[in-house]
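Here the structure comes first, spelled out in structure tokens, and everything after it is commentary.
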There are 2 protein chains.
Amino acid sequence: MRENIYKYLSIVLAVALIISLAYAFASNSKDVAQVSSGGDSKLKGNPNEEYYMVTFVSGIEYWKGCFKGMKAAADLYGVKAIYTGAPQFDVNQQVTVLRQVIAKKPAGILVTCANPDALKAPIDEAIEKGIPVITFDADSPNSSRYSVLSTGNYNAGAMAARYLGKLLGGEGEVGISTVTAQLNHEQRKQGFIETLNAEFPGIKVVAIVNDENDQTKAARQISAMLQAHPNIKGIFCTDALGGVGAATAIKEANKVGKVKIVSFDTDKGTLDLIKEGIIDASIAQGTWNMGFWGMTFLFYLNHGIVNPVDNWQKYGINPLPPVVDTGTMVVTKENVDAFYKVNEVE
Amino acid sequence: MRENIYKYLSIVLAVALIISLAYAFASNSKDVAQVSSGGDSKLKGNPNEEYYMVTFVSGIEYWKGCFKGMKAAADLYGVKAIYTGAPQFDVNQQVTVLRQVIAKKPAGILVTCANPDALKAPIDEAIEKGIPVITFDADSPNSSRYSVLSTGNYNAGAMAARYLGKLLGGEGEVGISTVTAQLNHEQRKQGFIETLNAEFPGIKVVAIVNDENDQTKAARQISAMLQAHPNIKGIFCTDALGGVGAATAIKEANKVGKVKIVSFDTDKGTLDLIKEGIIDASIAQGTWNMGFWGMTFLFYLNHGIVNPVDNWQKYGINPLPPVVDTGTMVVTKENVDAFYKVNEVE
């Protein structure tokens with residue numbers, strides 16, 4: 001009798017064990033099947049995978065929008081994004097910071113270059129060590145970086161010309177406040193002037209000043225410009241601090257509303273002046289796009305997802321788009337609220 | 001004795017069952033954990049989600065490389081990529097095909113435009129209906145497409161100039177075979193000529209012919225060019241059929257090796273002529289990049305993954321990079337084998 005109980009118990013337990021093992025095995029194969037069939041598992045990174053963003057003048061608001069995009073992509077893939085940079089506009093300092101980051105052997109680096117030539121050597125060193133590098137905002141075109149994601153500055157100037165041209169009804173004198181000899185700013189200026197000439201022949205650029213990206217200098221220079229050219233009806237500023245300086249100059253000259261301002265970027269100061277109606281519009285750069293797609297490119301590269309042909313490295317094939325224009329948008333009173341949020345980092 | 005055996009067997013089986021059940025349970029929770037914690041679940045599409053590629057002259061090899069990239073991305077996200085197009089180079093036919101695709105209400109469309117103006121209306125219609133459209137290779141810049149992914153043609157011409165310039169040691173006469181008045185080809189020609197002028201002042205462009213993208217016409221025109229200018233040492237062809245025609249002309253003139261050819265694209269005919277040593281190099285376009293990143297942009301847009309700010313639609317913010325230069329590469333005898341594979345569709 002007892003013998004039978006143990007015998008039946010053994011049979012029941014054996015059957016239960018077989019079912020249980022079969023289930024465990026099935027669960028496990030399902031798991032394996034998911035990994036091999038589901039494309040998306042490739043898109044899952046390791047939480048210890050570290051990607052750095054390296055900037056210069058690291059405290060300014062502008063980079064926050066870029067890092068926000070990078071962080072969104074890092075969260076999506078389950079990896080870590082770390083922000084750093086040189087506190088000052090100091091090329092040697094930035095090279096030092098970049099070399100410190102390279103020494104940590106991160107999974108990848110997004111870098112904006114205070115100077116294209118000075119950053120070339122450390123970028124090339126990183127890539128030789130197998131750390132992929134992508135530039136954003138300010139490029140180092142002769143380095144071996146995989147891609148650059150930045151604003152098409154000529155197109156940005158053209159966008160400013162079209163907005164100001166319509167605002168002035170296609171007629172009148174305008175001035176420009178810019179940062180002389182800096183490539184980005186020269187391209188914005190050129191796009192602005194050439195588009196006005198081609199599409200708004202009734203508008204004439206009568207003065208160009210160099211504000212050296214300094215709010216006080218901009219205010220002083222633009223005041224002088226308005227005195228020398230009292231018929232000026234519009235000003236294009238190729239840098240954010242120039243725009244804030246222009247607002248000061250126009251308030252002091254009692255010309256608010258009489259002289260239209262189209263500025264650049266979306267610093268809080270600029271957005272506030274748009275809300276107040278002193279700056280008419282500003283050209284916002286696609287900072288979120290720079291960070292988001294830069295991080296995505298690095299991740300896809302590291303995880304073998306971009307693979308146009310096996311051994312592309314051997315054949316000198318670039319598996320990423322080399323140049324991405326991250327675009328611009330016109331910010332006005334109508335949509336200004338959204339741009340306060342674009343730069344917010346939670 | 002037997003009682004004991006069944007007793008011990010029962011104990012062993014019970015322990016095994018507990019371990020097995022625990023394992024099955026653990027496997028299962030691991031499974032669940034993977035799905036719920038991973039950000040990557042956002043990157044998993046629905047197998048019924050259909051994305052179309054719409055081309056013109058739909059039978060040519062060139063689009064295969066583009067579709068290969070699109071297919072790779074669609075497989076990655078677990079969605080469907082479908083190839084279609086107008087068989088001829090016929091703008092009305094392409095508009096009809098695109099309208100038929102729109103009527104199927106697909107999840108998204110990648111389209112290359114036989115004519116930028118004619119395709120504008122159907123592209124805008126699709127977007128109004130909520131079907132995102134991205135252009136590739138040949139753009140419709142005034143349409144409301146989100147992005148364009150294409151070759152920076154000026155840069156492609158510059159790349160050809162640098163390769164041919166070095167090959168000729170910076171000296172001699174060269175000719176160009178192109179498709180007159182087609183924007184892509186004009187830009188390639190301009191990039192080629194301006195780069196030679198700037199970087200290889202010892203090289204002179206002595207003749208330019210219009211091959212109308214026709215192999216026979218190219219051979220005839222280039223034969224005439226070689227007779228009129230017997231000192232020509234190099235030819236740049238801005239289109240693949242021009243390159244094949246140039247090879248015929250040079251063989252007939254017994255000038256193989258004496259006249260260097262830099263062609264365009266990676267059709268099988270071109271690659272074979274590179275292997276034979278008759279065409280010296282060709283400029284390959286980033287076709288895989290066009291399809292892969294175009295498909296990725298559409299998927300990320302549809303799945304709310306690109307979201308620089310909530311309600312970006314309302315504020316007129318483009319959540320995608322508007323312009324992507326998908327790059328070019330120099331194909332020579334050294335790396336030609338890889339390019340046979342780039343265009344292969346399994």
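To find a chain, count down the sequence lines: A is the first, B the second, and so on, and within it residues start at 1.
- Between A:Val324 and B:Asp325, the closest side-chain pair of non-hydrogen atoms is not below 4.5 Å.
- Of the atoms belonging to A:Ile305, heavy atoms from both backbone and side chain fall under 4.5 Å from chain B.
- Between chain B and the residues A:Asp310, A:Thr296, A:Ile317, the most heavy-atom pairs under 4.5 angstrom are made by A:Ile317.
- Both the backbone and the side chain of B:Leu320 come within contact range of chain A, with heavy atoms under 4.5 Å apart.
- The aromatic rings of A:Trp293 and B:Tyr300 are tilted relative to each other, their planes meeting at an angle between 30° and 60°.
- For B:Asn318, the part lying under 4.5 angstrom from a heavy atom of chain A is the backbone only.
- Both the backbone and the side chain of B:Val306 have a heavy atom closer than 4.5 Å to some heavy atom of chain A.
- Put simply, OH on A:Tyr77 and NZ on B:Lys42 are 10.5 Å apart, with the number rounded to the nearest 0.5 Å.
- Here the closest heavy-atom approach between residue A:Pro321 and residue B:Asn289 is recorded as N-ND2, 3.6 Å.
- Note that CG of A:Asn311 is 12.5 Å distant from CG of B:Asn335, once rounded to the nearest 0.5 Å.
- Proximity to chain B involves both the backbone and the side chain of A:Tyr315, based on heavy atoms less than 4.5 angstrom apart.
- Within the 4.5 angstrom heavy-atom criterion, only backbone atoms of B:Asn307 (N, CA, C, O) approach chain A.
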